[in-house]
Amino acid sequence: MALDPATVRRIVTLARIRLEDAEVPRIQSELNGIIGWIEQLNEVDIDGVEPLTGAAQMALKMRDDAVTDGGYPDKVLSNAPERAGPFYAVPKVVE
Amino acid sequence: MSYTIEGETGLWEVVIGMEVHAQVISRAKLFSGAATDFGGDPNTQVSFVDAAFPGMLPVINRECVAQAIRTGLGLNAHINVVSRFDRKNYFYADLPAGYQISQYQHPIVGSGTIEIELADCSTKPIGVTRLHVEQDAGKSLHDQHPTKSYIDLNRAGVALMEIVSEPDLRSPEEAGAYLRKLRTILRYLGTCDGNMEEGSMRADVNVSVRKHGEPFRTRCEVKNVNSVRFVMQAIEAEARRQIQVWESGGIVEQETRLFDAGRGATRSMRTKEDAHDYRYFPDPDLLPLVLDEAWIEELKATLPELPDAKRRRFMEQYGLPAYDAGVLVAEQATAEFYETVAKGRDAKLAANWVMGDFFAALNRTGRTIETSPVSAASLGKLLDLMADGTINGRIAKEVFEAMVDTGDEPAIIVEKKGLRQVTDAGAIDEAVDKVLAANAEKVAQYKSGKERLFGFFVGQVMKAMAGKGNPALVNEALRRKLS
Amino acid sequence: MSLTDLSLAAAREGLRRGDFTARELTEAHLTAIEALNPRLNAYVTVMADRALDQADAADAARSRGEDRPLLGLPLAIKDLFCTEGVRTTAASRILGPFVPPYESTVTANLLRDGAVFLGKANLDEFAMGSSNITSAFGPVENPWKRQGDPATVLVPGGSSGGSGAGVAARLALGATGTDTGGSIRQPASFCGIAGIKPTYGRCSRWGIVAFASSLDQAGPMARTVQDCAILLRSMAGHDPKDSTSIDRPVPDYEAACRRSVKGLRIGVPREYRAEGMPAEIERLWEQGLAWLRDAGAEIIEVSLPHTKYGLAAYYIVAPAEASSNLARYDGVRFGLRVEGEDLRDMYERTRAEGFGAEVRRRILIGTYVLSAGYYDAYYLRAQKVRALILRDFTEAFARVDALLTPTAPSAAFAQGEKMDDPVKMYLNDIFTVPASLAGVPGMSVPAGLDGDGLPLGLQVLGRPFDEETVFAVAAAIERAAGFEALPSLRAGA
């Protein structure tokens, strides 16, 4: 399944990575090289195989319902590129 | 008669499905130890996990899982012993990680049912497709600065239950009844406070229209409607809009719309061109959620009596009509109040008092059942004073008003105000004689056949006795003296 | 012998005996860093003042009679571990001036046990790479040189290239690394040191900048197997803050290094004979098997039939998870922001400028394989292949106690080689990736030199949570190999 330029555009948009039009052919060719190589997996007989989502083989642990965190707004805001008082600030979002 | 809207080309049926987001009652968030309280200062209830700092990991809150199971049980739904968390990927300023942890393919709760009650006291089962657990997003404030949006992450990561119904609803009334019933069940279970104003319960409504007997047509989703009334208005407005589109030869596009309560109309949301590619995949930071059957049984055993069961019991045990039982079980506190009043007393009379004078007093004073000046025990004592003949029904209303005003016990009010019912035959005869003497003309009219005047005489005697006369004895004395 | 030449274990003894102080030991390393780091670029941040404070505190504690497992031992920390109050970069521009207000669990465990942190080690950006050339802070130079060719700069491997080069050049006694598809084992092999990726779940991932959550695992890198054992014992342990961290006691790995391999069954997976693999690697592998046989182990041929599909599965799973894990770098709460016309433009500019080419490439691959219509063909299929790879290991480990393979298909290569084609670079990880996908522990131990005098490692793989057997086998190889070659660039050389 080779990627066409429109798919490359769609993917970079989904990933929110700016890509100049001039770069599309290069990225397209790189991605196609990798995807083409990945497609060797089509040789594998996967009939009846349950997918393995992770390497951890155990039960999901749970936390108690207790307030043990938060309450440090200055710490969560200290690395913000832009803050406005107690808020993070971003370019205005129009809904 | 089913609900239809008349268009130019005939009658249209409305098809409605609901997606309700209910905020789970828990102290801490779904995957972090930050607090969930409403109304905290901005970004004070935020952990590094909630703000998606590098290297932060989710660990699930057991109580949030328990709440989802309780809710599933309360909706007579199938609990999935194995469920899973997926990431829903999209960029938004108030979604810190760039993904929401949700349950896409394998929700914790499968299909169930909610029975709704309609105005004519009929009931209708509405299918629940699924319930899943997910994180809430933060809040964007767009009105604080001309060119900036401000982000508060206090809500980010709070647990939500998304409860999805089948498209079984057929009118705004049914949709309203569904929402109210769902809210009642959630409140009974203590899993969500159902407060739509604070946003702890939010509804997305899927609306489509069709001619009778047709398959479903294209639906639109009306997002984030924040009251039962608005949901009902939004459905009607959206249905009318779609009918107009179809009837003018157009095609209804599947889209997300917003309800503008001021204009009473829905409008299209600015479409996000890639909104539909969320790239769901199992969250690798979490493992499958495998529930212990014994835990489910334990939660089941500690569920409260739910509204449907309570309503049936009220009808059987207290002989109440369906309507009264429905009103009394709508809130758990009301039902409890009622049962305290009714215990060992005339159950129907108790229902009348609770639904009548008591509710009216709450309305008038702006109080709730929790802050009521009259306790259930006191109201019960008032009923006892009537039952043992200490006061009559009319005086009881006066005593009740005084109870509302002062919070005093009824017996004290009766004594203080001297409202004890008069049963002394001599006193009654004396009052009757006085009234008859003062109204000789009316007595003559009565005797010449104008028997309607009997009520007038009763009223006059009671007035003369300051309302305290025993009604039966007054009647008896009047009849004797007028014959 | 200079203090920087000591093994971690020997330095521990020296401190205990009072032969030297933690301050002297730390100063010796800081001096070495000052001399060599400008060339090697193994550290992106040197924490000299803090390290000396920690060393002084260690000396003070020792003078009060305290002893802790790592008291006063200077280490390098891969700059993927968040360190409270110290810039953490993941070798990416996008983290910009990020200073974590928290300490990762693994580094907190090391501090608890008394370690001194010399600085933050360079790496491939977001741990994505096998040669440490994708770092936003520039490449790391391998301290080893080809015989007779001191001019050619070789890569240290990656992604833990700064950790590997730093430990090899004696700029630290040991280092933390992380391994997602070979990022500890391959640079260990390239730099002639030992390194272990423990079982997935053994070390907490909390506070480590995530690359691929279902694969990432922290582990130690050091010049001896025993040193790795000492470090892993401190790093490992259950962490309630990580849902995938296992609640199991941490064994005495150091004791395991002294275990005999007599009677152990060692598997040789026939599928690890890669096409075009240099004959000297093949020979070294045979030699390793012979050493183990001589030590009393039984060598058994086994089959891991899905080995050849490991890399392709990995290059679906890891980028998919990365595309999601790296979505948080959006210019809102931390790190770099590049202003734009609106929110979306800000995101796109920030992420285009903040991420390097390889990271962008992997995000795009990951986005693609998860996108509508492709999920089943790529991601779901890869997860099923992953299940088959785990099954291969499970079946093999029913017959053998450990597996022995080469760590990498080549020795360190020159900067600039294998750069033209991403896939060629990915092939470096062909022997390390299957264990990552299965979550089993794997260790690289230096076993010999190639014809150019460059170090080559052998890889020992073990059953889940049986790092002890891995240490025992690796230590047996280490003893037999008697690897004493030294890199030409090193402190005091």
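Quick note on labels: first sequence line is chain A, next is B, and so on, each numbered from 1.
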Item to check | Student check: side-chain heavy atoms of B:Asp152 and A:Tyr88 closer than 4.5 Å | outcome: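 Sidechains of A:Tyr88 and B:Asp152: no contact.
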Item to check | Validation row: B:Phe281, A:Thr53 side chains within 4.5 angstrom (heavy atoms) | outcome: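 SC-SC contact between B:Phe281 and A:Thr53 ruled out.
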Next on the checklist: If I measure from the heavy atoms of chain A, does B:Ser140 come under 4.5 Å with its side chain, its backbone, both, or neither?
Outcome noted: neither
Checklist entry - Which answer fits B:Pro282, side chain, backbone, both or neither, if we ask what part of it has an atom under 4.5 Å from a heavy atom of chain A? => result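 Looking at B:Pro282, just its side chain touches chain A.
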Item to check | Leading residue by heavy atom contact count with chain B [cutoff under 4.5 Å; candidates A:Leu77, A:Thr68, A:Asp74, A:Val67] | outcome: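 Top option by heavy-atom pairs under 4.5 Å: A:Val67.
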Checklist entry - Which one, A:Pro51, A:Ala84, A:Gly54, leads in non-hydrogen pairs under 4.5 Å with chain B? => result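 Ranked by heavy-atom pairs under 4.5 Å with chain B, first place is A:Ala84.
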Next on the checklist: Between A:Ala89 and chain B, with a heavy-atom cut-off of 4.5 Å, which part of the residue counts as in contact: side chain, backbone, both or neither?
Outcome noted: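 Contact with chain B: backbone and side chain both.
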Answer yes or no: does atom [atom1] of [X] have more than 12 heavy-atom neighbours from other residues, nucleotides or ligands under 6.0 Å?
X	atom1	answer
B:Arg27	CZ	no
A:Glu43	CD	yes
A:Lys61	NZ	yes
B:Tyr104	OH	no

Within this structure, what is the [atom1]-[atom2] distance for the pair [X] and [Y], rounded to the nearest 0.5 Å?
X	Y	atom1	atom2	value
B:Glu63	A:Met62	CD	CE	11.5 Å
A:Phe87	B:Lys148	CZ	NZ	15.0 Å
B:Arg279	A:Ile11	CZ	CD1	8.0 Å

Minimum heavy-atom distance between [X] and [Y], given as atom pair plus value:
X	Y	value
A:Asn79	B:Phe53	ND2-CE2, 4.2 Å
B:Pro146	A:Lys92	O-CD, 3.3 Å
A:Asp64	B:Arg62	OD1-NE, 4.0 Å
A:Arg63	B:Gly33	NH1-N, 3.5 Å
A:Asp65	B:Ala28	OD1-N, 2.8 Å

Checklist entry - Does the pair B:Asp277 and A:Arg10 meet the rule for a salt bridge (charged side-chain N to carboxylate O under 4.0 Å, His left out), with working shown? => result CA-CA 10 Å; B:Asp277 199 345; A:Arg10 191 169 61 81; 3.1 Å; yes
Give a yes or no answer on whether the side chain of [X] reaches the backbone of [Y] with a donor-acceptor pair at less than 3.5 Å.
X	Y	answer
B:Tyr150	A:Val90	no
B:Asn43	A:Pro86	yes
A:Asp69	B:Ala34	no

Item to check | Contact leader toward chain A among B:Ala35, B:Gly138, B:Ala93, where contacts are heavy-atom pairs under 4.5 Å | outcome: B:Ala35
Checklist entry - Given the rule in the side chain to side chain contact (heavy atoms under 4.5 Å, CB included) test, do B:Val290 and A:Leu60 qualify, once you have shown the distances and angles that lead to the verdict? => result CA-CA 7 Å; B:Val290 182; A:Leu60 181 62; over 6 Å; no
